[in-house]
Amino acid sequence: MKRARWIVSLAALAVLAGGVVAATRGAPEPGGRFITDEQGRALILRGFNTAGSTKGAPDTLPELTEADIDREYRDMGTNFVRFLIMWRAVEPQPGTYDMKYLDKVAEWVRWYGERGYHVMLDMHQDLWGNAITPTGAAGNGAPAWATHLDGLPVDTDQPTWETFYLEPGVIRAFDHFWNTTGEHPELMDHYAKAWKAVAARFKDDPAVLGYDLMNEPWGGSVQGPRFETGPLAALYRATIAEIRSVDPDGWIFLEPQAVGVNWGLPSALPYFDDPRNGPPRIAFAPHLYPLPLDLGDDYTADSKEWTDRTIGWWRDNVLRTADRLDAPILLGEFGLDMTRPGAADLVGQVVRLGEGMGTGMAYWSRDPGSWGPYDEKGAATPLVAAYARPYPRAIGGVPVDIRSEARSLTVTFDANGTGPTEIYLPAAGFPDGGRVSEGEATWDAARRVLTVRTRTSGRVTLTITPA
Ligand SMILES: CN(C)c1ccc(C(=O)NC[C@H]2N[C@H](CO)[C@@H](O)[C@@H]2O)cc1
């Protein structure tokens, strides 16, 4: 019965999205584009969304500490963080930017930078903003001054948090922002200029990789291709221009609409020009939440088969969109309740998916609890073991193939002289570090990083096994 329900849901959404769920045959080859570091090395990003607690925190910062970052690195060797920031904190009043808030964000960025992390700043929203209800009980992101409900209702008695998106007041707030009503054309311009203020603050910070322009965009009354090619594309173009007016080099990450695309349906996001000198630095940053799991099935038995099928649709559709954007891919969110049967297997499946696509990823989320790496008492959940995999943090060439097992890692790339290849090796599987099939390797036991200097041209295949 569950399967019938979500097949019907998916078919309905396929009609809504105006797209056809991609067949698994004829999928394009993995996108040959990669996010690069300042040396030009291809980055494989592995990290967390930090943090869900930011949404309601009085200071709009994570309820975590610097020691928590140390523990995360010690246990999983992550090198990336999707760090949540909020428009309401950046621009508390129209045209006024809170530099004290950005300085506090910079403190977190410094903590990550000192540990070799790459930071993507995520202008996060869910349900528009905290002011959709009088008590702030739901929603985060947009400031109160940009929230126009026109007196329409937002019923706080909802079966799940997602259904707030369907409330008349929430739809209206989004319709004003996207200028669907034609009554508040100023809002998108404020948003783009808020990003300019953020980019001006962090443009010279070596730890800041780039900017995720909007979390899980929702079109309100306008949905699917009409939303993505219309108001969403307009916001992205305006924001790209504002960011590039102060920061010519930061990577810019673009998300599709969340509904449908998170589950595997195609996005209609169009190509975006990057007005910078040099190769474009625009990336496609979808989220992955397979519908069978979202509807309550576990990653077991026949639901696992159907989930894998939808993940195949997601992969093929994401690759097609990345081809259209001529952009590398970053998986900005995936996650689930780690107490559910099959959860650790799903995480392993997504890690393998990312390896096959050459894409990095950020797990949702770093917060204590059943979804995260540590529960409310600080005990490790199954996520730590599932996510602590050997992976190439940075590759001195264009990746061709990445395959990890518990006690081996194979990385194939076309060397281009951009620098050495850095590989994280977890203690489980590689207690004394690793042995490499070619090149000159040095082992940093403290960081658990094997740095390999290889030929600077031609195809290189590194196989790493326990020392
Ligand atoms: C109806 N709409 C617009 C909708 C429904 C469901 C999600 C969602 O599950 N998102 C997945 C996760 N992403 C957020 C944070 O970005 C988490 O709170 C969700 O679990 C998003 C949008």
Side-chain angles (χ1 to χ4, degrees), residues 6 9-10 12-13 16-17 47-57 62 81-87 120-130 132 137-142 154-155 158-175 177-178 212-224 227-228 231-232 253-265 267 285-297 307 310-311 314 330-338 340 343 346-347 350 361-367 369-372 383:
W6 70 258
S9 311
L10 205 56
L13 278 160
L16 172 70
F48 284 91
N49 280 272
T50 300
S53 63
T54 301
K55 298 178 184 182
V81 60
R82 180 174 184 243
F83 191 84
L84 276 67
I85 63 175
M86 303 273 162
W87 182 18
M120 176 174 76
L121 298 175
D122 156 36
M123 194 73 83
H124 202 87
Q125 72 81 30
D126 299 289
L127 308 173
W128 179 248
N130 312 59
I132 62 169
N140 66 83
V154 178
D155 184 343
Q158 297 290 331
T160 66
W161 73 273
E162 297 97 321
T163 49
F164 269 101
Y165 272 115
L166 306 178
E167 284 297 299
V170 173
I171 295 275
R172 180 58 58 85
F174 277 101
D175 284 352
F177 176 72
W178 297 117
D212 185 345
L213 298 194
M214 178 177 276
N215 177 66
E216 299 193 339
W218 168 246
S221 301
V222 181
Q223 292 291 322
F227 167 53
E228 289 186 306
L232 184 59
F253 297 85
L254 307 179
E255 297 189 32
Q257 79 163 31
V259 166
V261 182
N262 282 11
W263 298 331
L265 293 183
S267 165
H287 297 176
L288 170 57
Y289 290 94
L291 189 55
L293 304 183
D294 253 13
L295 289 176
D297 283 1
T307 297
T310 66
I311 291 175
W314 182 92
L330 174 78
L331 171 54
E333 285 187 21
F334 76 102
L336 76 169
D337 183 337
M338 293 305 299
R340 292 172 57 179
L346 186 275
V347 172
V350 174
M361 58 190 68
Y363 179 90
W364 179 270
S365 73
R366 179 64 180 76
D367 298 88
S370 62
W371 280 54
L383 177 58

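A quick note: this is a predicted structure, and the numbers were derived from the prediction, not measured. Counting starts at 1 for both ligands and their atoms, following the listed order.
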Is it the side chain (CB and beyond), the backbone, both or neither of Lys55 that lies under 4.0 Å from ligand 1, heavy atoms counted? side chain
At under 4.0 Å between heavy atoms, what of Asn49 touches ligand 1? The answer is neither
Which of the ligand 1 atoms, numbered from 1, are nearer than 4.0 Å to a heavy atom of [X]:
X      : answer
Trp218 : 3 (C)
Asp126 : 14 (C), 15 (C), 16 (O)
Val259 : 1 (C), 2 (N), 3 (C), 4 (C)

Distance check, rounded to the nearest 0.5 Å: [X] atom [atom1] versus [Y] atom [atom2]?
X      : Y      : atom1 : atom2 : value
Glu333 : Arg82  : CD    : CZ    : 4.5 Å
Leu331 : His287 : CG    : NE2   : 7.5 Å
His124 : Ile85  : NE2   : CD1   : 11.5 Å

Verdict with supporting geometry, Phe174 and Gln125, side-chain contact (heavy atoms from CB on, under 4.5 Å): CA-CA 11 Å; Phe174 277 101; Gln125 72 81 30; 3.5 Å; yes
Write out the residue and atom name of the closest protein heavy atom to [atom], then the distance separating them to 0.1 Å.
atom                    : answer
atom 10 (N) of ligand 1 : Glu216 OE1, 3.0 Å
atom 22 (C) of ligand 1 : Tyr165 CE1, 3.7 Å
atom 12 (C) of ligand 1 : Glu333 OE1, 3.4 Å
atom 19 (C) of ligand 1 : Trp161 CZ2, 3.6 Å
atom 5 (C) of ligand 1  : Glu162 CG, 3.5 Å

Compute the centroid of each ring, for Trp364 and then for Tyr289, and state whether the two points are separated by less than 6.0 Å. no
Between Trp128 and Phe164, does the ring centre distance come in under 6.0 Å? no
Pairs of nitrogen or oxygen atoms closer than 3.5 Å, one from Asn215 and one from ligand 1: do any exist? yes
Examine the side chains of Asp294 and Trp263 and answer whether a donor and an acceptor come within less than 3.5 Å of each other. yes
Mind checking whether His124 has a heavy atom under 4.0 Å from ligand 1? yes
Report the relative orientation of the aromatic rings in Trp218 and Tyr165; use parallel for angles under 30°, tilted for 30 to 60°, perpendicular for over 60°. tilted
